[in-house]
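In what follows, a structure is listed as structure tokens, so that the remarks can point back to it.
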Protein chains: 2
Amino acid sequence: MHGRGMARDIQERIKKLIVDQRLPSGAPLPTETELMELFGVSRNSVREALKALQAMGIVEIRHGFGTYVGPMTMAPMIEGLIFRTVAGHYRGEDSLLQLLELREAVETGLVARLAGRIPEADLAELEALVARMEEEAAAGAVGADTDRAFHASLYRHLDNPLLSEVLEAFWDAFHRLRTDLVDVPQDPKVTCAQHRGILAAVRSGDAVRAESAVREHFGNIRDRLRPGHRP
Amino acid sequence: MHGRGMARDIQERIKKLIVDQRLPSGAPLPTETELMELFGVSRNSVREALKALQAMGIVEIRHGFGTYVGPMTMAPMIEGLIFRTVAGHYRGEDSLLQLLELREAVETGLVARLAGRIPEADLAELEALVARMEEEAAAGAVGADTDRAFHASLYRHLDNPLLSEVLEAFWDAFHRLRTDLVDVPQDPKVTCAQHRGILAAVRSGDAVRAESAVREHFGNIRDRLRPGHRP
DNA sequence: TAGCTCAGTTGGTTAGAGCAGCTGACTCTT
DNA sequence: AAGAGTCAGCTGCTCTAACCAACTGAGCTA
């Protein structure tokens, strides 16, 4: 046992195991019994280390089946971000607004770079999504999935999986918070129009217009989040 | 015990405890014994839940002292991001490059918005940092802290703590990876010149120039990361 | 008063036992 | 022979009980 913290130590050793053996996501890991023999520690310590790794998405545990290398997505980050925001919200901070501004800051910067560079195939996909959105708007409210898909498709062609994942993580966090924390009223038709505006701007290749279209979209949500703006 | 996973259940209950009682960071939590009595579960289960929460930065455990509400920083995200990138790197992916591009994409978008809007006090601080950087460059290599401080100061006045934290988290992750994974050779003088360029552009208020200055800075690092570019 | 010591509290680790979910091979029925 | 049901065996999950290790603070000593 080294420095301070046996459980910490075991976590590092398991991580090292994954890295050294180049294990891909989904690869099976040693059983708890094997790990405790391998490291010379008790079952309990092994389990505590695994739980911590599971919380970080590094490991996936399936009851009665085995332990595997985790998907290593941004899911844990979402959880952390959500909790942090919820806690801040109930303590009177404007944490939800901060999260929205974070998304706004990042997405406005990115969309400017995308303007005019999206291939026709993807534009058609976005077109279809806006159409679906308008359909749903007429029927009542825009489905969350549709909005998510629009944003995902928009930034997909940046060709950086990590970047896309981070953006989707922010979207997911904000979405879950918006529904759990405060039910922000939305006008479906306005939402549709704004998405159509973003698409049109991106298609036209006008970076400035694209940026302001996205900003307008976020501004719409932001206004409804600000205190004293809920009728 | 509800759905699936007792430990998961306890995690949620502890989270609820923190949220419902509006506990701020650093506030003391019940002891392990109290928690096991409170929830009617064994100490083991409590500990596993706490370990998971600790991994997410929601809880802080101090041996022989007690358990406290964690700092809720982005530190766990950094850990996850680092591991993910390391694992990908050793499996032949360009995960490190993706992380750099993520920083580049976000920072170029933000700096454009900052140009000409930074108060003189902050500009002086940045000036001092560049001066220190040049001092260090003359003496050998630029200290990591100085570079970190420059980027942190640059984006501080965006006035969104969450955004600043995320940016610093990305910086930290990349820095640790650059030193641990591949030792990227750097010309200290070029680095200094590029930072000075960014500062000058931001001061001038020219958004386009600021953006390209940041892009050039990242481009410098990116080139040295690409395969076959290490002499 | 300054410093030390020690008892009490809290988390850390171990051990062993039994419970619970899943898989796959075996058996029984059709 | 083909299908469905059963059960043995793995796996992870939870509990209990005991002891180890780190820290605090009250009380003792010099």
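In what follows, every chain begins at residue 1, and chains take the letters A, B, ... in the order their sequences are listed.
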I need the [atom1]-[atom2] distance between [X] and [N], as an integer number of Å.
X: B:Leu35; N: C:dT9; atom1: CG; atom2: P; result: 18 Å
X: B:Arg8; N: D:dT14; atom1: CZ; atom2: C1'; result: 17 Å
X: B:Leu50; N: C:dT13; atom1: CG; atom2: P; result: 13 Å
X: B:Glu48; N: C:dT13; atom1: CD; atom2: P; result: 13 Å
X: B:Ile10; N: D:dT14; atom1: CD1; atom2: C1'; result: 10 Å
X: B:Glu60; N: C:dT10; atom1: CD; atom2: P; result: 18 Å
X: B:Gln11; N: D:dT14; atom1: CD; atom2: P; result: 11 Å
X: A:Leu53; N: D:dG12; atom1: CG; atom2: C1'; result: 16 Å

Touch check for A:Arg47, heavy atoms < 4.0 angstrom, all strands: base, sugar-phosphate only, or nothing? base
Report yes if a side-chain nitrogen or oxygen of B:Ser45 is closer than 4.0 Å to either non-bridging phosphate oxygen (OP1 or OP2) of D:dC13; otherwise report no. no
| task | Evaluate the side-chain proximity of A:Leu129 to A:Arg132: yes if any heavy-atom separation is below 4.5 Å, no if none is. | result |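 Result yes, sub-4.5 Å side-chain heavy-atom pair found.
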| query | Are A:Leu29 and A:Glu34 side-chain neighbours, meaning at least one heavy-atom pair lies under 4.5 Å? | reply | no
### Message
Name the residue from A:His175, A:His151, A:Met77, A:Met74 that meets the side chain to side chain contact (heavy atoms under 4.5 Å, CB included) definition with A:Phe170.
### Response
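It is A:Met77, the one option of A:His175, A:His151, A:Met77, A:Met74 that forms the side chain to side chain contact (heavy atoms under 4.5 Å, CB included) with A:Phe170.
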Tested for side chain to side chain contact (heavy atoms under 4.5 Å, CB included) against B:Phe174, the lone hit among B:Thr85, B:Ile78, B:Leu81, B:Leu100 is B:Leu100
A correct 5'-to-3' footprint of nucleotides 15-23 of chain C, with B, S and - meaning base, sugar-phosphate only and no protein heavy atom under 4.0 Å, is B-B--BBBS
Among C:dG11, D:dT14, C:dT13, the one nearest any side-chain atom of B:Glu32 is C:dG11
B:Ile61 has its side chain closest, among C:dG11, D:dT14, C:dT13, to C:dG11
Under the 3.5 angstrom rule, does the side chain of B:Arg222 hit a backbone N or O of B:Glu101 as a donor-acceptor pair?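 Not at all, since once roles are kept as given, no pair shorter than 3.5 Å links the two residues.
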cation_pi(A:Arg103, A:Phe218) dist<6.0 Å, angle<=45: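 No, a cation-pi geometry is absent between A:Arg103 and A:Phe218.
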- Item | SB check B:Glu48 B:Lys51 (cutoff 4.0 Å) | no
